[in-house]
J.: 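Attaching a single structure in structure tokens format; questions to follow.
Proteins get letters first, then strands, A, B, ... in listed order; numbering begins at 1 in each.
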Amino acid sequence: MASVMEIYQLLPKTNCKECGKSTCMAFAVDLLSRKLKVEDCLPLVREGKYKASYEKLSGMVTPVEDVTETGLIVHADKCIGCGNCVVACPVNVAADPMGAGSGKAPTCDRVILKVEDGVVKAANVQECRRFGENKILCVACIDTCPTKAIEFV
Amino acid sequence: MDNDNYVCTGCALLCDDIDVGLENGKVAKVHTACRKGFAFMKGCSNPLECTVDGKKTDVDSAIREAAEILRNAERPLIFGHANSSSGAQKRAIGIARKINGYIDDTSSFCQGPMVEAILEGKLKTCTLDDVRHKADVIVYWGADPANSHPRHMSRYSYFPRGKERQRGWEEDRTAICIDVRKSDTAEICGESGLYQIPVKGDVEFMDALVSALSGKIPKTSYDFDKKRLLELASILKKAKFGVIFAGLGMVYALDDREPLYRLMDKLNSVSNFHLIPMAGHYNMRGFNQILFEETGYINRVKFNGAEILHGPEYSVVEALRKKAVDAALVIGADPLTSLPRSVVRHLEEIPLITIDPCQTLTSVKAKVTIPCALVGVESGGTAVRMDGVEIGLKQIVETDRLSDEEVMIRISEAL
Ligand code: SF4
Ligand code: SF4
Ligand code: SF4
């Protein structure tokens with residue numbers, strides 16, 4: 001997962017405000033959380049000297065159609081459907097110990113992660129440990145993924 | 001097996017918790033299978049046609065032609081079987097017996113040595129269900145399940161909870177990867193779980209571990225960090241239920257199995273260790289078991305009347321390289337993809353029959369091609385999982401193609 005600093009380093013760093021933000025750093029923050037897209041930085045797209053940075057950024061901050069309300073993104077192109085995250089997610093284990101928690105097909109519909117057509121699909125994201133009043137920095141699904149297909153923004 | 005679910009034949013894990021949604025008699029939605037399994041269950045983009053000499057024909061004529069080729073051959077070869085149902089494998093062995101043919105499968109250049117040692121009782125083994133319920137130390141040796149068997153770690157070997165492993169992988173299990181590179185599986189095992197060794201360094205590593213387990217200083221010519229080796233030995237020693245998943249990396253690094261026997265013996269004198277071969281194709285182990293029951297050998301067999309010949313000269317590689325065979329039937333494999341050109345060239349020079357659901361590089365060169373149903377999707381049967389457990393396969397959709405077993409029965413009858 002890219003960091004704000006990594007993104008910032010690739011921007012023009014001129015604070016030109018063409019994107020509507022007051023600084024390039026502010027743009028970097030919004031880019032990371034996918035509130036803006038790479039193309040919103042007009043000089044980056046327009047000026048040839050930024051071409052390499054533009055390409056690098058586009059690869060780094062891949063666009064996502066649906067960022068869930070908790071910021072969980074599944075990069076479907078990277079996911080191989082191994083189910084590691086499904087079996088490791090503490091919410092899945094608690095909701096479905098004999099199914100998802102035991103390595104098998106989920107048997108209850110309160111799970112957050114499950115595999116459909118070979119790729120992970122997220123549901124019930126409001127149940128995610130990273131969300132709500134008692135939120136914690138859970139990394140179970142990120143750490144167990146062999147392809148880094150899960151990201152939080 | 002849960003009766004509502006289907007089985008994926010995408011690899012030798014034979015995941016039996018798959019659910020599907022159908023649309024117009026075709027698989028449209030697949031639940032729980034990994035990406036590899038999903039692609040497999042969707043079927044092939046290029047289904048095989050029924051042909052003789054490149055011309056489309058009906059199944060009866062193709063079967064008649066196939067029988068003719070086999071009958072006229074003096075030294076026919078029947079090869080493949082790793083992607084065939086057990087029923088078709090039994091028939092294939094029957095045909096080889098009838099025509100005094102060579103019979104061999106992909107294990108001959110793959111996991112054969114490991115499966116053989118297990119069937120001969122020389123290596124202690126266990127089932128994947130045992131692994132899920134009990135295993136606390138899991139060693140992936142020359143194996144990369146994250147790529148070869150995507151659900152291996154989530155279904156059985158690392159992440160799931162089991163009867164004696166209720167607290168989850170972080171507390172209850174230790175995963176170790178011994179490999180020549182930092183594979184995706186190694187990434188999951190983490191920095192401390194990876195023991196990276198040089199290519200062909202496996203034998204020395206095994207012997208060094210035996211030393212470490214015996215309280216001696218573990219030495220390797222490549223100077224592997226002795227402290228880490230001792231640490232590993234102590235993890236292995238403390239295992240209540242250990243398992244080694246032997247991948248092709250290990251198989252190819254061993255010239256013979258003695259170093260592995262030494263290690264397993266040592267491990268079992270100080271703790272409790274099992275070995276499971278990482279069979280790739282969904283029913284390679286099934287073929288090995290059936291042939292073993294019938295002949296005492298797992299592969300590389302030639303029938304000669306009542307006599308059963310066995311040895312490297314009857315392997316597919318040697319038989320083709322030496323041009324010892326004069327016709328071939330290939331079922332459930334694609335040797336033109338999996339073997340070097342110098343070996344398979346001979347297949348293009350002799351009458352070749354292929355039986356497969358899909359077009360393959362091999363089928364393109366065949367004189368006779370006979371399509372069969374996709375096992376596990378269009379036809380049922382049984383297959384043997386990588387750990388030796390037999391799994392019943394169910395038909396999901398209707399097809400007018402014969403099952404692989406039916407094709408073999410028809411050829412056998414026509415002989
Ligand atoms: S962050 Fe934790 S709770 Fe949320 S989806 Fe991932 S594993 Fe589940
Ligand atoms: S762990 Fe990663 S690759 Fe595996 S199913 Fe989850 S998101 Fe996909
Ligand atoms: S791991 Fe193998 S058997 Fe299981 S769903 Fe994937 S391809 Fe199919």
J.: Select one option (side chain, backbone, both, neither) describing which atoms of B:R151 are under 4.5 Å from chain A's heavy atoms.
T.: both
J.: Given that the side chain runs from C-beta out, which part of B:A28 has a heavy atom under 4.5 Å from chain A: side chain, backbone, both or neither?
T.: backbone
J.: Show, in sequence, the C-alpha distance, side-chain angles and deciding distance for B:V30 and A:E116, and conclude whether the side-chain contact (heavy atoms from CB on, under 4.5 Å) test is met.
T.: CA-CA 6 Å; B:V30 179; A:E116 255 176 49; over 6 Å; no
J.: Tell me whether B:K124 at atom NZ has more than 12 heavy atoms from other residues, nucleotides or ligands lying less than 6.0 Å away.
T.: yes
J.: Checking A:C82 against B:M153 for the side-chain contact (heavy atoms from CB on, under 4.5 Å) test, could you report, in this order, the C-alpha distance in whole Å, the side-chain angles of both residues, the deciding distance, and whether it holds?
T.: CA-CA 8 Å; A:C82 68; B:M153 300 179 103; over 6 Å; no
J.: Who wins among A:V119, A:D143, A:T147, A:T144 for the most heavy-atom pairs under 4.5 Å with chain B?
T.: A:T144
J.: With a sphere of 6.0 Å drawn around CZ of A:R110, does it hold more than 12 non-hydrogen atoms of other residues, nucleotides or ligands?
T.: no
J.: Are B:K29 and A:D117 packed together at the side-chain level, in the sense that at least one heavy-atom pair is separated by less than 4.5 angstrom?
T.: yes
J.: What part of A:K114 is in contact with chain B, defined as an atom under 4.5 angstrom from a non-hydrogen atom: side chain, backbone, both or neither?
T.: neither
J.: Please report the shortest heavy-atom distance between B:D17 and A:G103, naming the atom on each side.
T.: OD2-O, 4.1 Å
J.: Within a reach of under 6.0 Å around NE2 of B:H149, are more than 12 heavy atoms found that belong to other residues, nucleotides or ligands?
T.: yes
J.: Is B:A33 in contact with chain A via its backbone, its side chain, both, or neither, using a 4.5 Å heavy-atom distance?
T.: backbone
J.: Rounded to the nearest 0.5 Å, how far does CG of B:D16 lie from NZ of A:K104?
T.: 8.5 Å
J.: Please check: side-chain N/O of B:R35 versus main-chain N/O of A:C79, any donor-acceptor pairing under 3.5 Å?
T.: yes
J.: Can you find a heavy atom in the side chain of B:R132 that is under 4.5 Å from one in the side chain of A:S102?
T.: yes
J.: Please indicate whether B:K240 has more than 12 foreign heavy atoms, meaning atoms of other residues, nucleotides or ligands, lying under 6.0 Å from its NZ.
T.: no
J.: Report the residue from A:V87, A:V115, A:V86 that forms a side-chain contact (heavy atoms from CB on, under 4.5 Å) with B:S154.
T.: A:V87
